[in-house]
Protein chains: 2
Amino acid sequence: MAAGVSVATASKALNDTGRMAPETRERVKRAAIELGFRPNAMARGLLSKRSFTIGLLTNDTYGRFTLPLMAGISEALVDHGVSVFLCTIEDDPALAKIHVDAMLDKQVDGIIASGKRIDRRLPVDLGHLAVPVVYAFTDGPDDSVRFVSDDAQGSREAVQWMVGLGRQSIVHVTGPTTFASVKVRADAYSEIIGAGAEILHGKWSEAWGHEAVAQLWGGDRPRPDGIFCGNDQIARGVVDALRERGVGVPGDVSVVGFDNWEIVAAATRPPLTSVDMNLKTLGKEAGLTVLAMAEGKSVEPGIRKLPCQLVVRQTCGGVEAG
Amino acid sequence: MAAGVSVATASKALNDTGRMAPETRERVKRAAIELGFRPNAMARGLLSKRSFTIGLLTNDTYGRFTLPLMAGISEALVDHGVSVFLCTIEDDPALAKIHVDAMLDKQVDGIIASGKRIDRRLPVDLGHLAVPVVYAFTDGPDDSVRFVSDDAQGSREAVQWMVGLGRQSIVHVTGPTTFASVKVRADAYSEIIGAGAEILHGKWSEAWGHEAVAQLWGGDRPRPDGIFCGNDQIARGVVDALRERGVGVPGDVSVVGFDNWEIVAAATRPPLTSVDMNLKTLGKEAGLTVLAMAEGKSVEPGIRKLPCQLVVRQTCGGVEAG
DNA sequence: GTGAAAGCGCTAACAC
DNA sequence: GTGTTAGCGCTTTCAC
């Protein structure tokens, strides 16, 4: 080769393995840099059985949950030389199988399955693959490793924050009862509020936020002074509806959302205080975990709940109180 | 092997190459399926110099533009057995280089560079790589293949639609002058409107939409009956502001947005008519093009403009007129 | 028609 | 210390 050594020596030099004159090692390394030499990962992988590649499978088309997750995964794994295949399957089992097979053919070191809700599974069985699988923000088999956000804790933070601000009558406006996260969040809310708890279920939309306000302010009933919303879209609808009725936010009523979806939360007037699920961190954890499993480390199966975080903007007032 | 043939024969049988008894071929294929045999893509790639893998590089963190693009790319390439590495670089040259090197090591068949505006380049030089590169929704070298949406045509469709509905006085509320697409869209608007053209520049935000309406309705000036907005966020701000002033949309004023960002357009009251850039189609084209280049087909360099499409919802009225 | 042999780019074991 | 050899899983001549 260019440095006047054999391929084997070059390999050892560049990988810092084997014994050889430090001088030789240096010379080879310099030559490699000079030539812009980069080892062929396929050839290397053929031997090592490692591709330094993982697959991220998702059915979240809009990327609402997948993108932050992906950012975390990528950030955690790029240092390890691992690249990520992103595969979006639209709840289509056939498409899912094609993508999984393609990943497997390409010898991915592991797969992260993710979705848009934690109580549904992807339409494909990843139970008995030859590579490790981790579930992030989606359901998986009992003996699997699953990462989810701690919605109960996040809800408690939100409700307690309003209570701490002196709010006396807080209602919960949330999504359809069919979502597990709706129940978890609602239960956490009820636990804190106790007897006066009131939960309104509807769609995950701004329109439902408007309608809920119409219900709450429409009749001859006592008005709440705090509204904890099941997601940011509902919260935005609520805030808009309150403003249209001349109700002050945060003056008369505090509002908190859930998801901390920047595009919605920041555009709300005033900007929305919301619970962030820390999906990026969740992605990091999931990434490091598949990697560990791929390296043969054993990982305890079960559900890992990662804490949420209240992001305080202006719909609650009392920023100073924090 | 299991079917009682050599590896060589098996290879030929499964790839439909070489000559052999049809009966043998069948037998091998059946055995392969039975054993769940899947060829190792790394070994195969080592020989063929093809990895059936491409890289998608982007600096669009929120995925606003990248996700639809990605969907198109993936959809077009999955049939060809190609998987996609998604690499998000945050305008960070060092990170970009790491990702590009990782892709190259993994022998990607090609790279698609994408971004969030067509007049900026990614912070990395992809000019002289060993693999084909195409640019989608981002700028690239003169001798490169670049896919962009035809913003001028999209703008014309929008403005002509309002004109066709009988609107007499249409203004254009758009983003910062520093964006090339702002100029393109504005020029297309001016060309149609002629003498009465009026362009208001501001931020890409709902807040700017509000402020623009305040300017237009604030003074003692004649009111427009049509507003063509530079993006959907501005449009939403405009529609909200008009409603708050008691101006009817689409009764008194027609509004059209740009981007057709579902989450914004659909939540607007009433739902927003908007120009869709067909990013998914753009992704498909870009995907098929890198693939063709990877297969050695020569592709004419230059800019390919793909048509936009007006998505009619309810902020213009005249649905029947279409 | 089928199989044996060579080789893709690399690393690991073993000579020298 | 360094080079030679073998082999990862596959495809591709080329004998038979």
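Protein chains get the first letters and strands the later ones, always in sequence-line order, with residue 1 at the start of each.
One atom, CD of Gln107(A), and another, C1' of dC10(D), lie 11 Å apart when rounded to the nearest Å. One atom, CG of Leu14(A), and another, C1' of dA12(C), lie 16 Å apart when rounded to the nearest Å. In this structure, Phe52(B) places its CZ atom 13 Å from C1' of dC10(D), rounding to the nearest Å. Separating the CE atom of Met20(A) from the C1' atom of dA13(C) is a distance of 15 Å, rounded to the nearest angstrom. If you measure from atom CG of Leu47(B) to atom P of dC10(D), you get 11 Å, rounded to the nearest angstrom. Between Asn15(B) atom CG and dT13(D) atom P there is a gap of 13 Å when expressed in whole angstrom units. The nearest whole Å value for the distance from the CZ atom in Arg38(A) to the P atom in dG9(C) is 17 Å. Note: NZ (Lys49(B)) to C1' (dG7(C)) measures 10 Å, nearest angstrom.
The existence of a salt bridge linking Asp139(A) and Arg117(A) is excluded, since no basic side-chain nitrogen approaches an acidic carboxylate oxygen closer than 4.0 Å.
The minimum heavy-atom distance between Thr61(A) and Leu67(B), with the atom names listed, is O-CD1, 4.3 Å.
Contact annotation: Ser11(B) reaches the phosphate of dT11(D) (side-chain N/O to OP1 or OP2, under 4.0 Å). Side-chain N/O atoms of Arg44(B) include none lying less than 4.0 angstrom from OP1 or OP2 on dG9(D). Here Ser6(B) does not reach the OP1 or OP2 of dA4(C): none of its side-chain N or O atoms lies under 4.0 Å away. For the OP1/OP2 pair of dC8(C) and a distance below 4.0 Å, the side-chain nitrogens and oxygens of Asn40(A) include no atom meeting the criterion.
Two residues, Ala43(A) and Arg25(A), neighbour DNA chain D, and the one matched to the more 5' nucleotide by heavy-atom proximity is Arg25(A). Where Leu46(B) and Thr17(B) each meet DNA chain D at their nearest nucleotide, the meeting point lying more 5' is that of Leu46(B).
The cationic atom of Arg64(A) (NZ for Lys, CZ for Arg) does not lie both less than 6.0 Å from the six-membered ring centre of Tyr62(A) and within 45° of the ring axis.
Using a 4.0 Å heavy-atom cutoff across all strands shown, Arg19(B) reaches at least one base atom of the nucleic acid. Heavy atoms of Ala8(B) sit under 4.0 angstrom from at least one base atom. Counting any heavy atom pair closer than 4.0 Å across all strands shown, Thr24(A) reaches sugar-phosphate atoms only and no base atom.
In this structure, the nucleotide among dG1(D), dT2(C), dG3(D) sitting nearest to the side chain of Ala21(B) is dT2(C).
Side-chain contact between Lys29(B) and Leu14(B) is present, with at least one heavy-atom pair separated by less than 4.5 Å.
Within 3.5 Å, a donor on the side chain of Lys12(A) pairs with an acceptor on the base of dG3(D), or the reverse.
Below 30°, between 30° and 60°, or above 60°: for Phe137(A) and Phe65(A) the angle between ring planes is below 30°, a parallel geometry.
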